[in-house]
Amino acid sequence: AQRFVAGLLQELPGDTVPRHRGDWPDFWNFGCASSARETRINRQTKARLATRDALGGVAPEDRKDHERAWRNAVAFHKRLCDVCGKRDILVTLELEWRTCGLVQTIGAMEQLIKAVRKKNFFANIDLGHVALARDGVRELKQIAGRTVHLHINDNDTCVHTNDIPGEGTVPVRKFVKAVKAGAERKA
């Protein structure tokens with residue numbers, strides 16, 4: 001894996017690849033229900049997560065910074081898709097509903113996919129994020145043909161808690177059916 005990433009980085013201009021140092025705790029990789037302990041912790045932290053998300057929602061947005069970030073994201077993903085396309089690799093991007101996210105809704109995801117215009121660029125849909133972004137069945141059907149992964153989880157529609165499906169308010173079955181119907185329609 002390290003040789004593969006090193007090869008990709010050699011083909012990408014150094015100034016387009018952000019460098020981060022320090023911990024990157026992938027708390028979502030193993031799911032909220034990895035064990036009874038994680039499920040208990042997840043349930044106990046809902047109030048704290050609500051506070052965190054509410055505070056994040058008041059951050060001011062600078063339009064010029066957003067436009068520059070959008071241009072950079074389009075350019076970077078075009079180049080990344082070119083490099084990955086040589087290796088028959090798909091590139092996916094997950095919408096991030098928080099205020100700091102560039103792609104906060106399915107509509108924005110669709111715009112980015114259209115702007116990048118690469119056959120190997122797809123959406124990665126997290127159903128909990130869809131609900132938090134206040135998107136729904138109609139939007140899921142629109143992007144279903146460009147979706148390559150579906151992350152199935154639940155939340156209480158106000159806090160991102162990665163609950164087990166059925167424990168929150170996300171209409172998981174409707175969302176899955178919408179993606180399936182949209183994908184079949186576009187196939």
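What you see is a predicted model; the values in this text were computed from it and never measured.
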Distance-minimising heavy-atom pair for [X] and [Y]:
X    : Y    : result
H77  : V91  : CD2-CG1, 4.4 Å
V170 : G128 : CG2-CA, 4.4 Å
V172 : P165 : CG2-CB, 4.3 Å
A181 : K141 : CB-CE, 4.5 Å
D163 : D156 : OD2-N, 4.4 Å
A144 : A178 : CB-O, 4.3 Å

>> Listing request: all salt bridge (charged side-chain N to carboxylate O under 4.0 Å, His left out) pairs with a residue in residues 111-133, at least two apart in sequence or in separate chains.
In response: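 Only D82-K118 qualify under salt bridge (charged side-chain N to carboxylate O under 4.0 Å, His left out).
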
Spatial distance of atom [atom1] ([X]) from atom [atom2] ([Y]) [nearest 0.5 Å]:
X    : Y    : atom1 : atom2 : result
M109 : L102 : CE    : CG    : 10.0 Å
T105 : D135 : OG1   : CG    : 5.5 Å
L95  : E139 : CG    : CD    : 11.0 Å

>> Pair V130, L140 - check side-chain contact (heavy atoms from CB on, under 4.5 Å), show working.
In response: CA-CA 8 Å; V130 171; L140 282 167; 4.1 Å; yes

> Picking from I152, L132, N155, D154, what satisfies side-chain contact (heavy atoms from CB on, under 4.5 Å) with L127?
Replying inline: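 Among I152, L132, N155, D154, the one that satisfies the side-chain contact (heavy atoms from CB on, under 4.5 Å) with L127 is I152.
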
>> Go through it in stages, so that I can follow the logic: the residues are F121 and L80, the test is side-chain contact (heavy atoms from CB on, under 4.5 Å), and I'd like the CA-CA distance, side-chain angles, deciding distance and then a yes or no.
In response: CA-CA 9 Å; F121 190 49; L80 181 63; over 6 Å; no

> Can you name the residues that form a side-chain contact (heavy atoms from CB on, under 4.5 Å) with A75, not counting sequence neighbours?
Replying inline: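 Applying side-chain contact (heavy atoms from CB on, under 4.5 Å) to A75 gives none.
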
>> Just to verify, what does L90 make a side-chain contact (heavy atoms from CB on, under 4.5 Å) with, not counting sequence neighbours?
In response: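 Once residues adjacent in sequence are excluded, the partners of L90 under the side-chain contact (heavy atoms from CB on, under 4.5 Å) criterion are N120, F122, V148.
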
> Is the backbone of E110 close enough, under 3.5 Å, to the side chain of R146 for a donor and an acceptor to pair up by distance?
Replying inline: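 Not at all, since once roles are kept as given, no pair shorter than 3.5 Å links the two residues.
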
>> Holding to side-chain hydrogen bond (donor to acceptor under 3.5 Å, both in side chains), I want the full list of residues that pass it with T92, two or more places apart in sequence or in another chain.
In response: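 Not a single residue meets the side-chain hydrogen bond (donor to acceptor under 3.5 Å, both in side chains) criterion with T92.
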
> Considering residues, nucleotides and ligands other than R138, do more than 12 of their heavy atoms fall under 6.0 Å from its CZ?
Replying inline: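 Not more than 12 within 6.0 Å, no.
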
>> If you apply the rule side-chain contact (heavy atoms from CB on, under 4.5 Å), what do you find for W70 with L112, and how did you get there?
In response: CA-CA 8 Å; W70 184 266; L112 185 62; 3.6 Å; yes

> Going by distance alone, is a donor N or O of one side chain under 3.5 Å from an acceptor N or O of the other, for H129 and E94?
Replying inline: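 There is such a pair (donor and acceptor under 3.5 Å, judged by atom type) between the side chains of H129 and E94.
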
> K86: what forms a salt bridge (charged side-chain N to carboxylate O under 4.0 Å, His left out) with it, not counting sequence neighbours?
Replying inline: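 By the salt bridge (charged side-chain N to carboxylate O under 4.0 Å, His left out) rule, K86 matches E11.
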
